[in-house]
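One structure is given below, encoded as structure tokens.
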Number of protein chains: 2
Amino acid sequence: MRKDDYNKRKRLGMKVTKPTIKNIARAAGVSTATVSRALAYKNNLKPATAKRIRQIAQEMGYHKNVAASQLASNMTNTIAVIINYTQTDFWIGILNGILHRARELNHQVITFYAGDNDSRRLTQTVNEALEHQANGILMISGKMEQEQVEILSTAHMPYRLISIYNPEHPEHRYVSSNNVEIGEQATNYLIKRGHRRIGLVGIDHYLTGQQRLFGYQRAMTAAGLPINPHWIHYGDYSYQDGKKLFSAIQDGSVTAVVAGSNMIGAGLLKAATQAGWRLPEQLSIISIDGSDTCELTTPELTTVSQDFYQMGITSVDNLLQDQPSTFIPTTLIERDSVQPLPTEK
Amino acid sequence: MRKDDYNKRKRLGMKVTKPTIKNIARAAGVSTATVSRALAYKNNLKPATAKRIRQIAQEMGYHKNVAASQLASNMTNTIAVIINYTQTDFWIGILNGILHRARELNHQVITFYAGDNDSRRLTQTVNEALEHQANGILMISGKMEQEQVEILSTAHMPYRLISIYNPEHPEHRYVSSNNVEIGEQATNYLIKRGHRRIGLVGIDHYLTGQQRLFGYQRAMTAAGLPINPHWIHYGDYSYQDGKKLFSAIQDGSVTAVVAGSNMIGAGLLKAATQAGWRLPEQLSIISIDGSDTCELTTPELTTVSQDFYQMGITSVDNLLQDQPSTFIPTTLIERDSVQPLPTEK
DNA sequence: GTGAAAGCGCTAACAC
DNA sequence: GTGTTAGCGCTTTCAC
């Protein structure tokens with residue numbers, strides 16, 4: 001039966017054969033097994049038969065029922081991605097990388113959005129993801145809670161935490177950049193350019209923020225510089241918080257800041273410019289989390305950049321090949337937002 | 001059996017009961033039907049029994065097998081999203097809206113990435129989407145080809161084209177903003193500010209670009225202004241093309257341009273600034289496609305803005321409630337990138 | 001309020 | 001090279 005016929009018959013209220021392998025088998029005068037083989041391009045049947053069957057399937061408007069197929073074969077070739085934080089935009093690059101690589105490896109991606117660090121919904125979402133019998137779960141998150149990780153790890157399903165890690169729990173595997181090194185790298189860059197009073201703006205109170213803070217402290221200490229608690233300001237990595245937090249450093253207490261994220265940096269830049277400041281003369285900014293596209297969002301910003309797209313790629317490979325936790329390297333992209341200062345004596 | 005026990009037994013190589021309703025039924029001394037009802041929170045069974053069963057399921061680490069469930073019930077509660085264009089970033093807002101709304105309505109979202117206007121892959125992806133027996137397909141695309149729309153429309157599955165539409169084929173339903181009006185709106189804004197030599201930069205040769213071009217022409221003609229073909233420049237809506245296309249208007253032939261997308265506008269801005277131009281004195285830019293977040297990407301840009309998040313929301317509702325095609329309204333966001341010119345005589 | 005049983009559409013032994 | 005058949009794990013109708 002032709003596709004056109006299908007519509008016509010349906011319109012006329014005529015009975016129509018649902019396109020299933022059973023009906024294809026009947027139409028082709030073969031068994032369902034043969035149809036199944038033909039449609040799966042197995043090589044153990046006569047090419048002519050295979051071709052004829054596929055032709056008929058096409059004409060009947062057949063589309064495989066994935067649910068049935070998965071149930072019977074006990075294979076899903078699916079990766080579940082949980083997105084748990086969209087305040088800052090790094091998830092986009094990661095998801096993009098995941099989608100690309102998954103497709104290369106013939107895997108489906110099923111995406112779950114779990115709200116912004118909403119613990120209850122995250123728990124629920126992790127459970128939903130588990131119901132899909134995926135090959136594994138990739139979790140792009142801003143903060144981790146014990147409860148969710150526990151669900152994941154007791155579920156007997158491979159998973160990776162993306163862009164977040166907990167050194168105290170090495171058993172929870174991750175693909176991330178090294179936040180301590182990032183904090184250190186950014187701070188050292190400013191120190192080398194002569195800055196001594198350096199702020200850290202927009203980090204959070206959880207793992208990621210504290211790791212970056214630790215790196216910052218390590219760099220300052222190694223350089224023999226004092227740290228004033230009033231130089232540290234907390235936020236949620238968002239553009240809005242970046243704009244708000246400018247007021248916290250408006251007193252001129254620091255000559256340079258490490259911005260906790262690309263977005264925080266952009267917000268600071270915007271607020272400072274609006275306040276009539278000339279940058280980088282009055283304030284040097286280096287941001288963390290810059291991605292490939294950060295030239296667009298903040299062309300002027302020197303940044304410790306992570307290749308999030310690559311992180312997505314690596315995550316998929318790491319998950320499917322059962323590799324150990326790994327750090328994604330970071331690069332420093334210099335632009336004109338950092339002012340070299342004469343070294344003080 | 002407790003979850004902890006599960007791991008211990010597994011480690012010791014002991015036999016372990018796979019958590020299925022059958023095994024739960026056995027453990028609870030009831031039938032599989034009762035278990036199924038309990039887990040689905042049906043109200044036609046004794047609360048005590050239901051609770052006990054759920055307790056046992058929990059202890060066994062049970063997670064429903066979605067494939068089996070879907071197959072048996074013939075319901076998927078799934079929306080398939082096909083992303084077919086990521087050169088410009090509007091898809092992010094849309095996807096975000098879709099994810100949110102879908103979750104509110106208890107629907108899963110399965111995401112397919114089909115490359116960037118890669119026709120062959122799109123065809124393949126549409127077919128994959130169809131295999132998932134979704135309630136419907138949302139297709140975020142930059143350009144449409146007859147082939148894919150045909151597959152969609154002959155597949156007996158509801159679908160909506162997002163952010164693209166073809167007036168010649170009203171039978172293919174869409175949720176989009178009105179590109180003709182957008183082009184007209186942007187052009188009129190510049191005309192009202194006194195501009196007469198107005199460029200249109202970065203549109204494509206397909207539906208969207210031609211519709212915006214038509215709106216541009218309508219506005220110019222209505223204002224009695226001539227149109228010079230050398231004021232129209234084509235591109236792919238990307239930031240890169242925006243930077244490149246600056247060279248096309250560097251001769252000063254126009255005093256203002258309508259940028260085909262947010263990204264094109266940003267690229268023009270960047271290239272112009274790099275070339276030492278003062279904006280908006282030397283060139284006024286108004287961009288199309290600005291989203292809520294465009295303050296971040298191009299804070300200086302006046303823009304005809306579409307609420308892409310809302311477009312995502314609307315798409316889901318429109319699809320599931322079988323509503324007719326609809327346009328999303330646009331708003332104009334004024335910033336300091338357009339220079340009012342004295343009206344020429 | 002609960003159980004028995006059919007069957008969703010497909011895959012994969014195994015048989016011939 | 002192709003057919004037969006037994007499920008995959010769940011839902012749902014029909015009994016009782």
Side-chain angles (χ1 to χ4, degrees), chain A residues 16-54 56-57 60-78 108 127-128 130-134 156-157, chain B residues 16-54 56-57 60-78 108 127-128 130-134 156-157:
Chain A
V16 127
T17 25
K18 193 173 169 186
T20 64
I21 51 168
K22 200 165 157 191
N23 289 329
I24 295 173
R26 181 159 5 190
V30 296
S31 74
T32 61
T34 305
V35 176
S36 180
R37 288 177 191 123
L39 296 176
Y41 288 84
K42 302 266 185 202
N43 50 11
N44 52 354
L45 72 165
K46 210 156 59 184
T49 328
K51 201 172 166 192
R52 190 168 54 89
I53 291 172
R54 278 186 230 117
I56 294 175
M60 290 178 67
Y62 174 80
H63 295 282
K64 182 208 289 211
N65 182 326
V66 170
S69 168
Q70 289 182 353
L71 181 59
S73 67
N74 196 29
M75 299 190 52
T76 61
N77 276 17
T78 295
Q108 317 281 331
N127 279 318
E128 279 174 26
L130 290 172
E131 295 179 352
H132 279 264
Q133 325 292 120
H156 321 110
M157 180 179 296
Chain B
V16 125
T17 28
K18 192 171 167 187
T20 64
I21 52 168
K22 198 166 159 189
N23 289 328
I24 294 172
R26 179 160 7 195
V30 296
S31 75
T32 60
T34 305
V35 176
S36 179
R37 290 176 188 123
L39 296 176
Y41 289 85
K42 303 265 184 199
N43 50 12
N44 52 354
L45 72 164
K46 214 157 54 183
T49 328
K51 199 171 167 191
R52 189 169 53 89
I53 291 173
R54 278 186 229 117
I56 293 175
M60 290 179 68
Y62 173 80
H63 294 282
K64 182 210 289 214
N65 182 325
V66 170
S69 169
Q70 289 182 354
L71 181 59
S73 68
N74 196 29
M75 298 190 52
T76 60
N77 276 16
T78 295
Q108 317 281 330
N127 281 317
E128 279 173 28
L130 290 172
E131 295 179 352
H132 279 263
Q133 325 291 120
H156 320 112
M157 180 178 296

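Every chain is numbered from 1 and lettered A, B, ... according to where its sequence line falls, protein lines coming before strand lines.
- Here dC10(C) presents its P atom at 12 Å from CG of Asn74(B), a figure rounded to the nearest Å.
- Applying the 4.0 Å criterion to OP1 and OP2 of dT12(D), one finds that Ser36(B) has every side-chain N and O outside that range.
- Following rounding to the nearest Å, Glu131(B) (CD) and dC8(C) (P) show an atom-to-atom distance of 20 Å.
- Judged by atom type and distance alone, Arg37(B) reaches the base of dT13(D) through a side-chain donor-acceptor pair under 3.5 Å.
- Counting only heavy atoms from C-beta on, Ala33(B) has its side chain closest to dT12(D) among dT11(D), dG9(C), dT12(D).
- A 4.5 Å side-chain heavy-atom check between Met75(B) and Gln70(B) finds every atom pair outside the cut-off.
- Side-chain N or O atoms of Asn23(B) include none that pairs as donor or acceptor with a backbone N or O of Thr17(B) at under 3.5 Å.
- Annotation: of the two residues near DNA chain C, Leu45(B) and Tyr62(A), the 5′-most nearest-nucleotide partner is Leu45(B).
- Contact annotation for Val35(A): no contact, since no heavy-atom pair falls under 4.0 Å across all strands.
- Remark: the backbone N or O of Val30(B) is not paired with any side-chain donor or acceptor of Thr34(B) at under 3.5 angstrom.
- In this structure, Ser69(A) reaches the dT11(C) phosphate: one of its side-chain N or O atoms is under 4.0 Å from OP1 or OP2.
- The side chain of Ala72(B) approaches dC10(D) more closely than any other nucleotide in the set dG3(C), dC10(D), dT11(C).
- Position along DNA chain D of the nearest nucleotide to Ser73(B) versus Leu71(A) favours Leu71(A) as the more 5'-ward residue.
- In this structure, Lys18(B) places its NZ atom 8 Å from C1' of dG9(D), rounding to the nearest Å.
- The phosphate of dG3(D) has OP1 or OP2 within less than 4.0 Å of a side-chain N or O from Thr34(A).
- Distance OH (Tyr41(B)) to P (dG1(C)): 19 Å, rounded to an integer number of Å.
- Within a 6.0 Å radius of CG in Asn127(A), other residues, nucleotides and ligands contribute more than 12 heavy atoms.
- With rounding to whole Å, Leu39(B) atom CG is found 14 Å from dT2(C) atom P.
- Counting to the nearest Å, the P atom of dC10(C) and the NZ atom of Lys42(A) are 15 Å from each other.
- Counting to the nearest Å, the C1' atom of dC8(C) and the NE2 atom of His132(B) are 17 Å from each other.
- If you find the closest nucleotide of DNA chain C to Asn44(B) and to Lys22(A), the one lying nearer the 5' end belongs to Asn44(B).
- When the P atom of dC8(C) is taken as reference, atom CD of Gln70(A) falls 19 Å away, rounded to whole Å.
- Residue Thr49(B) places at least one side-chain N or O closer than 4.0 Å to OP1 or OP2 of dT2(C).
- In this structure, Arg54(A) fails the cation-pi test against Tyr62(A), since its NZ or CZ atom is not both closer than 6.0 Å to the six-membered ring centre and inside 45 degrees of the ring normal.
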